[in-house]
Amino acid sequence: MSTSWPLWEVFVRGKRGLNHVHVGSLHAPDAEMALRNARDVYTRRNEGVSIWVVKADDITASSPDEKDPFFSPSGDKVYRHPTFYSIPEDVPHL
Amino acid sequence: MSFDNAYESLLGHEDSHWAFGTGFSESLVGVDREIPSTVDAEALAIYCLMLGDDALIMSQRLAEWCSRAPEIEEDIALANIALDLLGQARLLLSRAGDVLGKDEDELAFLRDERGFRNVHLAEIDCGPGPGGDFGTTIARLLVFSTWRLALFSRLRGSADPVLAAVAEKGLKELAYHRDHAAQWAVRLGGGTEESHRRMQAGLDRVWPFVSELFLSHDVESRLGGVAVPAAELKSEVDGVLEAVFSAAGLTRPADAPTPLVAGMAGRDGVHTESMGYLLAEMQHLHRSLPGATW
């Protein structure tokens, strides 16, 4: 039974103004039921105001094998970071 | 905290991490519990027991699915619904207790079967026991939540401020319960040949208990402006169910006379055979260890 339901990845937005954040995955027969299951599994403690569900199969992910060519080259490019700006203390989530 | 911050309005009044949940509120804060002088207090207590017992017994039945639902996600969904109903039951039994001078636990755990006033639909075994299966449970939940939602939407205008507040709070919960049941009814009804057969069988099993939901009761007439006459709900319930049946390819079973027990309904405190077993399980802990807490 379980194996016949596809896997869905769940993204929840905690508050207006924040991003949707990946919170986990679940099984559901279709997208509408996935949304409802996500509501029950991931927002029952007041965690969210908006949910996205995406079929796990539809996500193309980078492979651990590609880690070095993908991510290492940016490691020594300090000039890409906005470290030369001062950030106001009252700007959260930056 | 800066008073001229463009981000503040986006974040509300505090910015603790969302995953721990924020903004919980106690139910019914600030609602006047004084019983209005125009209201028949004894009838109000009985009416609150009726609606509270419906929720309590239905909650107990749904909780039986814990660890037995077809999928873990559904296990959580049914438990959530059961807990919503338990919350409604607590508020309503407490309201009855305001009149009767008892607390919610005494009313839930120390009343005998004849003191319970829930409709038979809430108490019958619709699975996971031998009396049904997941389809039967969905059929009952669909009917029960459609009926209770119609009732609560009218109860918001009750002359008893507590009943009105309970209805206002419960409405959103019941809207979700109805949606959950309808989503499943459509999927099972329009799914495979086997799922359709079992969904229809479930509907046939619960249907004889539906007409009892619309029986008028003496206390309703003693509570004009406070209670909702059950007969008023029928056309709305019929309309909603018809829409679900049509989307799900299900056949509305033929109406049959209400199967009363010795001529009496659940509202009169007379119950079907399964009620005694249900209460034994629900009450035994409290009766064996009076005042037990977690």
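A, B, ... follow the sequence lines: proteins, then strands. Residue 1 opens every chain.
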A:Arg36 versus B:Tyr176, closest heavy-atom pair with distance
O-OH, 3.2 Å
I'd like to check the ring pair (Phe, Tyr, Trp, His ring centres under 6.0 Å) partners of B:Phe144; sequence neighbours left out, ordered by chain and number.
B:Trp147
In terms of heavy-atom contacts, does CD1 of B:Ile72 have more than 12 from other residues, nucleotides or ligands at under 6.0 Å?
no
Atom CZ of B:Arg68: over 12 foreign heavy atoms under 6.0 Å
no
Please classify the contact between B:Leu83 and chain A as side chain, backbone, both or neither, with a heavy-atom cut-off of under 4.5 Å.
side chain
Check the surroundings of atom NZ in A:Lys77: do more than 12 heavy atoms from other residues, nucleotides or ligands lie under 6.0 Å from it?
yes
Ordered numerically, the heavy-atom neighbours of chain A under 4.5 Å found in residues 133-143 of chain B are none
Does a sphere of radius 6.0 Å around CD in A:Glu66 hold more than 12 heavy atoms from other residues, nucleotides or ligands, not counting ones at 6.0 Å or beyond?
yes
Side-chain donor/acceptor of B:Glu73 to backbone N/O of A:Asn37, under 3.5 Å
no
Would you say B:Glu193 has more than 12 foreign heavy atoms packed within less than 6.0 Å of its CD?
no
Close side-chain approach of A:Asp30 to B:Arg187, heavy-atom, < 4.5 Å
yes
Which atom pairs, one a donor and one an acceptor, fall under 3.5 Å between side chains of residues 242-253 of chain B and the rest of the protein, sequence neighbours left out?
from, atom 1, to, atom 2, distance (Å)
B:Arg252, NH1, B:Asp238, OD1, 3.1
B:Arg252, NH2, B:Asp255, OD1, 3.3
B:Arg252, NH2, B:Asp255, OD2, 3.0

Show every ring-ring contact (aromatic ring centres under 6.0 Å, His included) that has at least one partner inside residues 46-68 of chain A, sequence neighbours left out.
A:His20-A:Trp52
Please report the shortest heavy-atom distance between A:Asp40 and B:Ile76, naming the atom on each side.
O-CG2, 3.6 Å
